[in-house]
There are 2 protein chains.
Amino acid sequence: MTETEDFDTQTTKEKIFTAAVRLFAERGFHGTSIRELAREVGIKESSVYNHFPGKNAIMQAILDYHRQGFQTASEELTKSDLPFDDTTDPVEFWMMGAAEFLKHQPPLSQQISIILTNEMYLNKQCRKFFLDTMFDIQKVLTENILREMYSRGMIIDCDFRKTAEQYVYFIQGISIETNLMLMDGKNEAERQQHLFEHIALFIGRLKKQ
Amino acid sequence: MTETEDFDTQTTKEKIFTAAVRLFAERGFHGTSIRELAREVGIKESSVYNHFPGKNAIMQAILDYHRQGFQTASEELTKSDLPFDDTTDPVEFWMMGAAEFLKHQPPLSQQISIILTNEMYLNKQCRKFFLDTMFDIQKVLTENILREMYSRGMIIDCDFRKTAEQYVYFIQGISIETNLMLMDGKNEAERQQHLFEHIALFIGRLKKQ
DNA sequence: GTCTATAATCTGATAGAC
DNA sequence: GTCTATCAGATTATAGAC
């Protein structure tokens, strides 16, 4: 399950997959029936079983897809060399890193994050997955960048682990609020601006005086 | 729906209510059937309809209950006078406030928060409710306390609104992680300690030098 | 206010023709 | 790989006896 191209060029299995991601995010796993999913794709429900052995297997495929995409994105970010010199502002530097991270996010990742949030308290597998990707991996990534910035003299000395944790928690909260507001028609550019201001405030507190 | 006493002293309606809160939190709204709910209470499913016109009405009752309880708790916190003098540490002061806030939380509030998280992306009413209680009200409360602390000379001058927002986002994130870990058997005292350390770090950054 | 009985619909999943 | 037909069970909800 690697392609996410235009609907017309997708195989039936891929169509089922992308439709499932959308419907699970919109109506929840339990709130989506195989019937509905098949109708969305334009096939009969029995045909769905030619591609996936059942509903749970579709969810499993979504988790596998996301795990792989997230891991790749994390590795890309770690490999990437962000330009900087002695005059680079830490906030500016951080924004570049954040943009780089977002750039490497796999397609559908936003919808899958919503599915994970819907299911994290209900499904043990989703819970573990959420803890791994949304917290653990992001904490490590953030801590590494903070250490890098410190070694370059961009920020003050501090508890890098705890500061990274705090950043990840904060991003979790602001992301939820943004997702909710966007669903209710809130202006996207406005929320982007809100996020940037908050990141600037957070990183700004770590700036060397 | 105001009582949450022992199971034996509850009316049937209250039993249905508390059982619904537990089941909706554990299995989700769509994942809980009236049949299951009735069995939990010890009555037949048709009897449930003598107390609530339908499944959605039960969810509605849960939201109404939580709205009222949350509002009362917020007002109590605003009214409460926390002891302090010139030597009171801002972190210590904040911890007292946090304890006071938790003390006034209505029963079932933790489970209802989980229900809200499960449903916020699926149910417009839950979404609005979540934004109101989990973000808006808590932001105002937090900002007011920060201003109070500033006027008492306990913390530095800063953007109180944005700092309050950042605190609320951060608490959202850490609460989710804690809930998930507790469900998987993580030690509760350990998580409490983790939370306290993080709050101390956050408030400590605002301390006057 | 509880029960039995039942309606009407939806559910995930399978068998077998083409 | 798609379809028609069908299953067995679950779902919300109602009618009416007690």
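Labels below follow one simple rule: chain letters A, B, ... track the order of the sequence lines, proteins then strands, and each chain is numbered from 1. Computed over heavy atoms, backbone and side chain alike; hydrogens, waters and symmetry mates excluded. If you're wondering where the values come from, they're calculated on a predicted model, not measured in any experiment.
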Figure out the [atom1]/[atom2] separation between [X] and [N], and round it to whole Å.
X       : N      : atom1 : atom2 : answer
A/Ile43 : D/dT4  : CD1   : C1'   : 15 Å
B/Lys44 : D/dT12 : NZ    : P     : 16 Å
B/Ile58 : D/dT12 : CD1   : C1'   : 11 Å
B/His30 : C/dC10 : NE2   : P     : 14 Å
A/Leu37 : C/dG12 : CG    : P     : 9 Å

- Message: Tell me if the centroids of the rings in A/Trp94 and A/Tyr167 come within less than 6.0 Å of each other.
- Response: yes
- Query: Is the ring centre of A/His30 less than 6.0 Å from the ring centre of B/Phe29?
  - Reply: no
- Phosphate OP1/OP2 of C/dC3: any B/Ser47 side-chain N/O under 4.0 Å: yes
- Query: Is it true that A/Lys128 and B/Asp184 make a salt bridge, defined as a side-chain N closer than 4.0 Å to a carboxylate O?
  - Reply: no
Please name all residues satisfying ring-ring contact (aromatic ring centres under 6.0 Å, His included) with [X], sequence neighbours left out, ordered by chain then number.
X        : answer
B/His198 : A/Tyr169, B/Phe170, B/His194
A/Tyr121 : none
B/Phe70  : none

Between protein and nucleic acid, restricted to nucleotides 13-18 of chain D and to nitrogen or oxygen atoms under 3.5 Å apart, what atom pairs and distances do you find?
unit_1, atom_1, unit_2, atom_2, d
D/dA13, OP2, B/Tyr49, OH, 3.3
D/dA13, OP2, B/Lys55, N, 3.3

- Message: So if I take residues 118-125 of chain A and measure heavy-atom distances to DNA chain C, which residues fall below 4.0 Å?
- Response: none
- Message: I need the minimum non-hydrogen distance between A/Ala25 and B/Leu122, along with the two atoms involved.
- Response: O-CD2, 3.8 Å
- Applying salt bridge (charged side-chain N to carboxylate O under 4.0 Å, His left out), which residue pairs with at least one partner in residues 102-115 of chain A are found, sequence neighbours left out? A/Glu100-A/Lys103
